[in-house]
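Values below: all heavy atoms of this structure, side chains included; hydrogens, waters and symmetry mates excluded. Here the structure is a predicted model, which means the values were calculated and not measured. Throughout, residue positions are numbered sequentially from 1 according to the sequence presented.
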Amino acid sequence: ATHGADLALRRLVGAVSRHALCIVLTKAERTELARALGEARKAVVQGPLVKSGAPLTEVLGAFKAMVLRSLSERPGDTPSRGDDDRPARGGGFPRKWLPLVAKVLETEIADMIAAAAATVDDGPRH
């Protein structure tokens with residue numbers, strides 16, 4: 001089960017990384033997005049959902065939530081003293097892109113689940 005989930009998440013990370021959305025992001029924002037995707041993937045694959053063999057929909061949903069949380073929490077790392085407009089040190093991901101990232105993740109996840117449903121046999125495919 002772990003293998004399937006990991007593969008799905010890798011595909012998802014790849015799909016988001018190659019998405020047209022990335023054209024509008026700056027290099028720093030793309031880096032931040034890649035970091036969030038990578039960290040979330042590792043966390044989900046090593047997390048309880050995958051270990052307990054949860055359905056792909058749940059695993060991918062958890063991944064999406066984690067990516068968005070990671071991106072939106074980032075600026076809070078260094079508590080700012082009253083000037084909230086300035087992104088915190090260490091980048092931070094612009095909030096204006098969050099809905100777009102969420103949409104991209106939703107679309108890619110929906111596609112993936114549809115594709116997974118089309119190939120129902122859950123055996124290892126080598």
K51 vs Q46, side chain to side chain contact (heavy atoms under 4.5 Å, CB included): CA-CA, chis, key distance, verdict: CA-CA 7 Å; K51 286 194 172 69; Q46 291 158 8; 4.3 Å; yes

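- Under the salt bridge (charged side-chain N to carboxylate O under 4.0 Å, His left out) criterion, K103 pairs with E106, sequence neighbours left out.
- With respect to the salt-bridge test (charged N to carboxylate O, under 4.0 angstrom), the residues E39 and K42 do not qualify.
- At least one side-chain heavy atom of L33 sits under 4.5 Å from a side-chain heavy atom of L21.
- R10 pairs by the salt bridge (charged side-chain N to carboxylate O under 4.0 Å, His left out) definition with D6, not counting sequence neighbours.
- Residue pairs meeting the side-chain hydrogen bond (donor to acceptor under 3.5 Å, both in side chains) criterion with at least one member in residues 109-118, sequence neighbours excluded, do not occur.
- Considering all non-hydrogen atoms of both residues, S72 and R95 come closest at O-NH2, 3.3 Å.
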Please output the side-chain donor-acceptor pairs of residues 22-30 that fall under 3.5 Å, not counting sequence neighbours, one pair per line with the distance.
unit_1: T26; atom_1: OG1; unit_2: E29; atom_2: N; d: 3.1
unit_1: E29; atom_1: OE1; unit_2: T26; atom_2: N; d: 3.0
unit_1: E29; atom_1: OE1; unit_2: W97; atom_2: NE1; d: 3.3
unit_1: R30; atom_1: NH1; unit_2: C22; atom_2: O; d: 3.1
unit_1: R30; atom_1: NH1; unit_2: L25; atom_2: O; d: 2.9

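- Summarising the geometry, atom CG belonging to L12 is positioned 7.5 Å from atom CG belonging to L37; distances are rounded to the nearest 0.5 Å.
- Residues that satisfy the side chain to side chain contact (heavy atoms under 4.5 Å, CB included) test with A62, not counting sequence neighbours, are L49.
- Each of V101, L105, V44 was checked for a side-chain contact (heavy atoms from CB on, under 4.5 Å) with K64, and the lone residue meeting it is L105.
- What you find for L56 and A8 is that their closest heavy atoms are CD1-CB, 3.7 Å.
- Residues V59 and A54 share a closest heavy-atom pair of CG2-O, 3.8 Å.
- Atom CG of residue L68 and atom CZ of residue F93 lie 9.5 Å apart, to the nearest 0.5 angstrom.
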